[in-house]
K.L.:
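Here it is: the structure, laid out below.
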Amino acid sequence: MRRAVESLPNATEHARAGRLVFAADRLRQLHSRGLLRLLLGASLGHPPHSLRFVANPHGKPALADAPELHFNLSHCRDRALIGLTRAAPIGVDVERIRPLADRDALIAHCFSPAEQAWLAGRPASSRESDFFRIWTAKEAVLKALGSGLATAPESLTIHLAENGDKCAGVDGAPGPWTLFTHSPEPAHVMTTAVRALLAPGRIRQFHLTDDACPAWMDNGTSVQQDTFHGNP
């Protein structure tokens, strides 16, 4: 399966991947783009090679011949996150939880006053993961808006649930929103933002897992499906 996925990106996508310095990064780029084509093609009933992409002025891609199918892609090292929906524009982001030397500067420049106050009041043991929960939510909302950094990140305020609920809220961006953030494993956090209210049970997650990536594309890949039944 891995070779089949690698063959799906077109010449432009191969050229874009070829500009990356490290071979591992080039392969990850090709794998994520190939898998995106595979999933989009399966959703539309079209051959993955036939899909044509366009981009808005801020660079957000869309399907030229099926704009009603919204999608977004994010990857972080050997983890990729793909979101698909026909409901409304979608944005996704995945990050590895890790120390950042410039975290305080990012908080000061990219977080709203309410987010800064909330994060300052969090336990020190969870502050690093809480930072990335807010960060991925901001990234996902900006990607769903399709404006990128043309919208100031500090103009958005993310409200994370305190009770373990996976859904969150957002102020400062025209909505309504369904904002779904969680950690499928302790080292990573991911967020999906959909510019619509989704009914409970309409968010489905499919996890492709294996001992190592990108080996998850081999025949030994297992797939786990979860359905979220919380309140959007």
Side-chain angles (χ1 to χ4, degrees), residues 24-25 28-29 32 60 71-83 89-173 175 177-195 203 205-209 212-214 216 224 226 228 230-232:
D25 292 333
R28 290 166 183 153
Q29 178 84 353
S32 60
K60 183 178 182 180
F71 67 91
N72 202 231
L73 164 67
S74 176
H75 49 82
C76 175
R77 294 191 175 183
D78 289 330
R79 299 293 183 270
L81 174 62
I82 295 173
I90 186 173
V92 301
D93 190 50
V94 57
E95 294 283 350
R96 182 173 60 90
I97 300 171
R98 64 200 187 278
L100 294 176
D102 59 347
R103 187 183 71 178
D104 290 343
L106 289 172
I107 293 171
H109 289 94
C110 299
F111 282 27
S112 70
E115 290 168 335
Q116 294 182 37
W118 181 84
L119 193 60
R122 297 292 292 167
S125 59
S126 70
R127 203 164 295 156
E128 203 162 75
S129 61
D130 288 333
F131 167 86
F132 281 104
R133 290 171 65 205
I134 294 178
W135 185 266
T136 57
K138 279 182 177 285
E139 288 273 6
V141 169
L142 290 173
K143 293 171 77 175
L145 288 171
S147 57
L149 293 179
T151 300
E154 67 273 18
S155 68
L156 306 177
T157 296
I158 304 298
H159 300 282
L160 296 177
E162 302 280 358
N163 60 357
D165 193 340
K166 295 177 179 179
C167 275
V170 56
D171 290 335
W177 290 93
T178 297
L179 201 59
F180 177 76
T181 180
H182 80 299
S183 295
E185 54 187 277
H188 292 82
V189 61
M190 58 177 60
T191 300
T192 299
V194 181
R195 203 171 173 182
I203 300 174
Q205 305 169 74
F206 297 88
H207 303 284
L208 295 112
T209 60
C213 285
W216 51 266
Q224 172 188 347
D226 298 324
F228 176 62
N231 297 318

K.L.:
Taking side chain to side chain donor-acceptor pair (under 3.5 Å) as the test, write out the residues that go with T192, two or more places apart.
P.N.:
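With sequence neighbours excluded, T192 shows a side chain to side chain donor-acceptor pair (under 3.5 Å) to no residue whatsoever.
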K.L.:
Side chain to side chain donor-acceptor pair (under 3.5 Å) with S183: which residues, sequence neighbours excluded?
P.N.:
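With neighbours one apart ignored, the set is empty.
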K.L.:
Who pairs with H159 by side chain to side chain donor-acceptor pair (under 3.5 Å), at least two apart in sequence or on another chain?
P.N.:
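Per chain and number, H159 pairs via side chain to side chain donor-acceptor pair (under 3.5 Å) with D171.
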K.L.:
Look up atom CZ in F131 and atom CG in L100, then write down how far apart they are to the nearest 0.5 Å.
P.N.:
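Reported to 0.5 Å precision, the distance equals 5.5 Å.
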K.L.:
Should W118 and F111 count as side-chain neighbours, where that means a heavy-atom distance under 4.5 Å?
P.N.:
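When only atoms from C-beta onward are counted, F111 and W118 do not touch, as no gap falls below 4.5 Å.
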K.L.:
At what distance, to the nearest 0.5 angstrom, does CD1 of I82 lie from OG of S32?
P.N.:
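If we round to the nearest 0.5 Å, I82:CD1 and S32:OG are 7.0 Å apart.
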K.L.:
Return the set of residues passing side chain to side chain contact (heavy atoms under 4.5 Å, CB included) with P186 (not counting sequence neighbours), or none when no residue passes.
P.N.:
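Listed in chain order: nothing, the list is empty.
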K.L.:
Please list, chain by chain and in numerical order, all residues satisfying salt bridge (charged side-chain N to carboxylate O under 4.0 Å, His left out) with E95, sequence neighbours excluded.
P.N.:
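Residues passing salt bridge (charged side-chain N to carboxylate O under 4.0 Å, His left out) with E95: R98.
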K.L.:
Once salt bridge (Lys or Arg N to Asp or Glu O under 4.0 Å) is applied, what residue pairs with a partner in residues 139-154 remain, sequence neighbours excluded?
P.N.:
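Sorted pair list comes back empty.
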K.L.:
Within the structure provided, determine whether L160 and I158 are in side-chain contact (heavy-atom separation under 4.5 Å).
P.N.:
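L160 reaches I158 side chain to side chain.
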K.L.:
Which heavy atom of A144 sits nearest to which heavy atom of G91, and what is that distance?
P.N.:
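Residues A144 and G91, closest heavy atoms: CB-N, 3.5 Å.
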K.L.:
Are L119 and R127 packed together at the side-chain level, in the sense that at least one heavy-atom pair is separated by less than 4.5 angstrom?
P.N.:
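When only atoms from C-beta onward are counted, R127 and L119 do touch, with a gap below 4.5 Å.
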K.L.:
Count the heavy atoms of every other residue, nucleotide or ligand shown that sit under 6.0 Å from CZ of R96, and state whether that count exceeds 12.
P.N.:
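More than 12 heavy atoms, drawn from other residues, nucleotides or ligands, come within 6.0 Å of this atom.
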K.L.:
Hey, could you give me the CZ/CG distance between R77 and D25, rounded to the nearest 0.5 Å?
P.N.:
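Interatomic distance, R77 CZ to D25 CG, rounded to 0.5 Å: 9.5 Å.
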K.L.:
Suppose we screen for salt bridge (charged side-chain N to carboxylate O under 4.0 Å, His left out). Which residues come up paired with K138, at least two apart in sequence or across chains?
P.N.:
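With neighbours one apart ignored, the set is E115.
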K.L.:
Atom OG1 of T136 and atom CE of M190: how far apart are they, to the nearest 0.5 Å?
P.N.:
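Nearest 0.5 Å value for the OG1-CE distance: 9.5 Å.
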K.L.:
Which atoms form the tightest heavy-atom contact between G169 and L179, and what is the distance?
P.N.:
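Heavy-atom minimum between the residues: O-CD2, 3.8 Å.
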K.L.:
Does some side-chain heavy atom of L142 sit less than 4.5 Å from a side-chain heavy atom of D93?
P.N.:
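With C-beta onward as the side chain, the pair stays apart.
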K.L.:
Side-chain contact, heavy-atom cut-off 4.5 Å: I134 with D130?
P.N.:
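They are not in side-chain contact.
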K.L.:
Evaluate the ring planes of H182 and F180, with Trp represented by its six-membered ring, and classify them as parallel (under 30°), tilted (30 to 60°) or perpendicular (over 60°).
P.N.:
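Ring orientation, 0 to 90° scale: tilted.
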K.L.:
I'd like to check the side chain to side chain contact (heavy atoms under 4.5 Å, CB included) partners of A114; sequence neighbours left out, ordered by chain and number.
P.N.:
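Listed in chain order: S112, T157.
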K.L.:
Identify, with sequence neighbours excluded, every residue that meets ring-ring contact (aromatic ring centres under 6.0 Å, His included) alongside F71.
P.N.:
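ring-ring contact (aromatic ring centres under 6.0 Å, His included) list for F71, sorted by chain: F53.
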K.L.:
Could you list the residues that satisfy side chain to side chain donor-acceptor pair (under 3.5 Å) with E185, not counting sequence neighbours?
P.N.:
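Scan of E185 (side chain to side chain donor-acceptor pair (under 3.5 Å), adjacent residues dropped) gives R79, H188.
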K.L.:
Rounded to the nearest 0.5 Å, what's the gap from CG on L145 to CG on L156? Could you check?
P.N.:
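Nearest 0.5 Å value for the CG-CG distance: 7.0 Å.
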K.L.:
Could you report the tightest heavy-atom contact between K60 and I90, atom names first, then the distance?
P.N.:
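Smallest heavy-atom distance, with atoms named: NZ-O, 3.1 Å.
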